[in-house]
Novice: 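Have a look at this one before I ask anything.
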2 protein chains.
Amino acid sequence: MITKKAKYALKALLELGADYDTKKPVLISNLAERGRIPKKFLELILLELKNKGILESRKGKGGGYLLAKPPAQVMLGTILRIIDGPLAPLPCLSQTAYRKCDECQDETHCSIRAVMKDLHDYQVNLLDNTSLEGMLEKGCAVAAVGNYAI
Amino acid sequence: MITKKAKYALKALLELGADYDTKKPVLISNLAERGRIPKKFLELILLELKNKGILESRKGKGGGYLLAKPPAQVMLGTILRIIDGPLAPLPCLSQTAYRKCDECQDETHCSIRAVMKDLHDYQVNLLDNTSLEGMLEKGCAVAAVGNYAI
DNA sequence: TATAAACACTACTAATTCTATAGACTAAAT
DNA sequence: ATTTAGTCTATAGAATTAGTAGTGTTTATA
């Protein structure tokens, strides 16, 4: 399961992706309301995404958040790694955060690892090739549903 | 990431799978030692697997645990669901434990759900079609590695 | 240049899950 | 009887999750 935090992040990013062309910052309160996300919690999430270079922000009146890059260049995998940590089902499979499994002796012959590697490869390939734009194209902007009615 | 508990369960089951033909029960202590698993923790895990019908046990001298079914009929997906819960990355994708996402209005148009469904389908298909036997065939018995040398 | 609007940052907390450990109990074999 | 081995319940520390609170800092603009 992905965390609620990650889902909140994605919802907010999809909203920002949909608004990208306007080049205008969107208020946290706005994103929180549209996505039904606790505002204070969302603040933390957006701040983290900003510090990781995904978002830009402007303070003061007329401020808010915007995507730092076009939605086609923001990958789902990147976001999930930032918010939920490594994608790998086993530490010994992670490329971004490799760690030997505590009790494992021989990685190359581990049959658990073999199956999980199959899974992981598919997963990484999918998530690192799916952009916010791609998501916005199929299915409408998730977050928008329910606010702008049927 | 799968939990340590799940990895412990799989290691023990793979050992039991490898020993299946002997029809002789294997001691918890034995499994614990071979897999470098805390014994008391493993007890709980095996008990749970027994209560779910995956294992059989015998008490008293000459007792221990054995697979309740041939290794070819014990699926990885089944084990992971028992130990770690639903496989689905989103509650609204789980077939065994469906739950509407808290803030979601329209599942059918949710673009997060759409990507995750792709992932989930692949995952379920892989894990529900991989048996202990299948795992034992490729890669040697994981757990055995390191105990029976090279 | 005051002031209001927004984000930035730190700290705290409640609840849950993960990873165990302890100890008493029960059943089977000899 | 006694030993062997699984069964079951309770407890506990650490980590993670999902927030909340409150103060600080920056910017626009009246």
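Below, chains carry the letters A, B, ... as their sequence lines are ordered, and counting in each starts from 1. Values below: all heavy atoms of this structure, side chains included; hydrogens, waters and symmetry mates excluded.
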Novice: List the residues meeting side-chain contact (heavy atoms from CB on, under 4.5 Å) with B/Asn125, not counting sequence neighbours, and say none if there are none.
Specialist: B/Asn129
Novice: On DNA chain D, check which nucleotide each of A/Thr3 and B/Gly63 is closest to and give me the residue with the more 5' one.
Specialist: B/Gly63
Novice: If I take atom CD1 in residue A/Ile28 and atom P in nucleotide C/dC9, what distance separates them, rounded to the nearest angstrom?
Specialist: 12 Å
Novice: Suppose we screen for salt bridge (Lys or Arg N to Asp or Glu O under 4.0 Å). Which residues come up paired with A/Arg58, at least two apart in sequence or across chains?
Specialist: none
Novice: Which nucleotide span of DNA chain D, 5' end to 3' end, has atoms closer than 4.0 Å to non-hydrogen atoms of chain B?
Specialist: D/dT4 to D/dT9
Novice: Give me the residues of residues 38-60 of chain A where at least one heavy atom lies under 4.0 Å from an atom of DNA chain C, by number, or none.
Specialist: A/Lys40, A/Glu43, A/Leu44, A/Leu47, A/Lys50, A/Ser57, A/Arg58, A/Lys59, A/Gly60
Novice: Only counting residues at least two apart or in another chain, list the ones meeting ring pair (Phe, Tyr, Trp, His ring centres under 6.0 Å) with B/Phe41.
Specialist: B/Tyr8
Novice: Test of understanding: with ring pair (Phe, Tyr, Trp, His ring centres under 6.0 Å), list the residues that count as partners of B/Tyr98, not counting sequence neighbours.
Specialist: none
Novice: At a heavy-atom distance below 4.0 Å, what parts of residues 73-94 of chain B sit against DNA chain D?
Specialist: none
Novice: Among residues at least two apart in sequence or on other chains, which ones pass side-chain contact (heavy atoms from CB on, under 4.5 Å) with A/Ala114?
Specialist: none
Novice: Once side-chain contact (heavy atoms from CB on, under 4.5 Å) is applied, do any residues pair with A/Ala72, and if so which ones, sequence neighbours excluded?
Specialist: A/Glu133
Novice: For residues 60-69 of chain A, which side-chain donor-acceptor pairs fall under 3.5 Å, sequence neighbours excluded?
Specialist:
none

Novice: Which residues pass the side-chain contact (heavy atoms from CB on, under 4.5 Å) test with B/Asp84, sequence neighbours left out?
Specialist: B/Ile2, B/Thr3, B/Ala6
Novice: What side-chain donor-acceptor pairs closer than 3.5 Å can you find for residues 46-57 of chain A, not counting sequence neighbours?
Specialist:
| unit_1 | atom_1 | unit_2 | atom_2 | d |
| --- | --- | --- | --- | --- |
| A/Glu48 | OE1 | A/Lys5 | NZ | 3.3 |
| A/Asn51 | ND2 | A/Leu47 | O | 3.4 |

Novice: Mark yes or no for whether A/Arg113, through its side chain, and A/Cys92, through its backbone, hold a donor-acceptor pair below 3.5 Å.
Specialist: yes
